[in-house]
Amino acid sequence: MKNLRNAIKNKGKIKKITVLTGSGISAESGIATFRDHDGLWETYKVEDVATPEGFFKNPELVWQFYDRRRQEIKKACPNRGHYALAELEEAADLHNITFNLCTQNIDGLHRKAGSKNILELHGSLWKVICMDCKKHSLSEETPIKDIPPKCSFCSGLLRPDVVWFGEALHQDALEKAYAAMECDILLVIGTSLLVYPVAYFPFFALKNKAIVAEINVKETSCSDYFIFVKGKAGEILDNIVQLIREFM
Ligand code: BJW
Ligand code: ZN
């Protein structure tokens, strides 16, 4: 934390803050991460439930996976970490500081906590796309009665509006995310940084001379490049937000 304070102090006036989150920020809301012990990839095979090929082969299985997650997440509440980031955005707005929250999470908990300027890089658990007519729509039915669900316009098969392995992130989101990495300070919270292209983002920010602070319960393979702050997001983000606010 001392390193972070010194880095911010040396930076001078902060004009642009960006946050990048992963599943670790929702862990304290009781939502499983992917690659930790007891993570989702211990129970499910990635290729079965998080690839277009898996969905093509067995849409029922994929929908059961997402329906189960929707049921858990519907019951979940944002934790102190989510709220601290919403407070940071509010403070940034008051000081005319640009604030962007880029998340890999599809759970919607940042919005529930009050964050506004959110880029959902891997899509949303609460949106679907029709495989036939390609219409995008919101979907809140939980649990889903008929699996796999069908399109109310054309009866085509619906898929979750999320980004699976082998699929491109939405161009618009990608461009906005790269632009957001041109910032004064980037907080990278609760992500293993093992999934691309998101794993490149903090390095892009470093190249742009941003202070990159990584907040995680354990070091990642990238930690040596950043200012590493060890701890649970829900326990330490309040202090980090407080620290940044001192320099607004
Ligand atoms: C805490 C905590 C607490 C716990 N507090 N911390 C370049 C190199 C190599 C490979 C590739 C490459 N470019 C592309 C690839 C292939 C592939 C990829 O990255 N593979 C790697 C696995 C090697 N990438 C893709 O396929 C991507 N698409 C793409 O690049 O397209 C190119 C293309 C262009 C044109 C045409 C076609 C294609 C897409 C990736 C999509 C990932 N999708 C998923 C599923 C989304 C929907 C869903 O949620 O179901 O996204 S996979 C999964 O991983 C999910 C997550 O968002 C993502 C990241 O996981 P995350 O959040 O980091 O979770 P964990 O579990 O890994 O980490 C949790 C962390 O929290 C840990 O560090 C803990 O310590 C920490 N933690 N508790 C703080 N309380
Ligand atoms: Zn349709």
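Read the numbers this way: they start at 1 and go in the same order the structure lists the ligands and their atoms.
Ranking protein heavy atoms by distance to atom 66 (O) of ligand 1, first place goes to R35 N, 2.7 Å. The single protein non-hydrogen atom nearest to atom 45 (C) of ligand 1 is V163 O, 3.7 Å, given as residue, atom name and distance. Nearest to atom 17 (C) of ligand 1 among the protein's heavy atoms is F165 CD2, 3.6 Å. Of the protein's heavy atoms, G24 O, 3.3 Å lies nearest to atom 3 (C) of ligand 1. Looking from atom 62 (O) of ligand 1 to the surrounding protein, the closest heavy atom is S23 N, 2.8 Å. The protein atom (non-hydrogen) at minimum distance from atom 36 (C) of ligand 1 is A168 CB, 3.8 Å. When hydrogens are left out, the protein atom nearest atom 15 (C) of ligand 1 is Y196 CB, 4.1 Å; that is the closest non-hydrogen contact. When only non-hydrogen protein atoms are considered, atom 4 (C) of ligand 1 lies nearest to D36 OD2, 3.5 Å.
Of the heavy atoms in E28, only side-chain atoms (C-beta onward) come closer than 4.0 Å to ligand 1. For W164, every heavy-atom contact with ligand 1 shorter than 4.0 Å involves the backbone, none the side chain.
Taking the six-membered ring for Trp and thresholds of 30 and 60 degrees, H170 and H136 have ring planes inclined between 30 and 60 degrees apart. Using bins of under 30°, 30° to 60° and over 60° for the plane-to-plane angle, the ring pair H82/H110 lands in the perpendicular bin. Using bins of under 30°, 30° to 60° and over 60° for the plane-to-plane angle, the ring pair F226/F203 lands in the tilted bin.
Considering backbone and side-chain N/O atoms, G22 never comes within less than 3.5 Å of an N/O atom of ligand 1. For I106, no nitrogen or oxygen atom sits less than 3.5 Å from a nitrogen or oxygen atom of ligand 1, counting backbone and side chain alike. The shortest N or O to N or O distance between N105 and ligand 1 is not below 3.5 Å. An N or O contact shorter than 3.5 Å links G166 to ligand 1 by distance. Checked by distance only, ligand 1 and K232 stay at 3.5 Å or farther apart across all their nitrogen or oxygen atoms. The shortest N or O to N or O distance between A233 and ligand 1 is under 3.5 Å. Checked by distance only, ligand 1 and N216 come closer than 3.5 Å through their nitrogen or oxygen atoms.
Distance check for atom 21 (C) of ligand 1: a protein heavy atom is found below 4.0 Å.
In summary, the side chains of Q242 and D238 do not present any donor paired with an acceptor at a separation below 3.5 Å, with no hydrogens or angles considered. For the residue pair T21 / Q104, no side-chain donor-acceptor distance below 3.5 Å is found, with atom types taken as modelled. Defined by atom type and a distance below 3.5 Å, a donor-acceptor pair is missing between the side-chain atoms of N105 and S23. A donor atom on one side chain and an acceptor atom on the other are found under 3.5 Å apart for T220 and S223.
Ion pairing between R80 and E87 holds under the 4.0 Å rule for side-chain N and carboxylate O. A salt bridge links D36 with K218; the closest basic N to acidic carboxylate O contact falls under 4.0 Å. Under a 4.0 Å N-O distance rule, the pair E53/K57 does not qualify as a salt bridge. For the pair D146 and K150, the salt-bridge criterion is not met [side-chain N within less than 4.0 Å of a carboxylate O]. Between E235 and K230 no salt bridge is recorded (no basic side-chain N to carboxylate O distance below 4.0 Å). A salt bridge links E246 with R5: the closest approach of a Lys/Arg side-chain nitrogen to an acidic carboxylate oxygen falls below 4.0 angstrom.
Taking every heavy atom of A27 and a limit of under 4.0 angstrom, the matching atoms of ligand 1 come to 78 (N). Atoms of ligand 1 lying under 4.0 Å from at least one heavy atom of Q104, given by number and element, are 57 (O), 58 (C), 59 (C). The ligand atoms of ligand 1 that sit less than 4.0 angstrom from a heavy atom of Y200 are 7 (C). Close approach to T33 involves these atoms of ligand 1, each under 4.0 Å from a residue heavy atom: 66 (O). Against a heavy-atom cut-off of under 4.0 Å, E167 is close to the following atoms of ligand 1: 27 (C), 28 (N), 29 (C), 31 (O), 38 (C), 39 (C). Residue K218 approaches ligand 1 through these ligand atoms, each under 4.0 Å from one of its heavy atoms: 75 (O). Each of the following atoms of ligand 1 lies closer than 4.0 Å to a heavy atom of V195: 19 (O), 40 (C), 42 (C), 54 (O), 58 (C), 59 (C). Each of the atoms 21 (C), 22 (C), 23 (C) of ligand 1 lies under 4.0 Å from some heavy atom of L194.
Both tests do not hold together for R159 against W63: distance to the six-membered ring centre under 6.0 Å, angle to the ring axis within 45°.
Ligand 1 is never approached by G39 to a heavy-atom distance shorter than 4.0 Å. Using a non-hydrogen distance threshold of 4.0 Å, P197 registers as a contact of ligand 1. Residue contact annotation: R69 has a non-hydrogen atom under 4.0 Å from ligand 1.
Tested against R35 for a side chain to side chain contact (heavy atoms under 4.5 Å, CB included), the candidates T191, V195, L40 yield a single pass: V195. Each of I211, V229, I240, V241 was compared with L187 under the side chain to side chain contact (heavy atoms under 4.5 Å, CB included) criterion, and only I240 meets it.
When SG of C154 and SG of C151 are joined through the Zn ion (ligand 2), the resulting angle is 110° to the nearest 10°.
At most 12 heavy atoms of other shown residues, nucleotides or ligands fall within 6.0 angstrom of atom NZ in K232.
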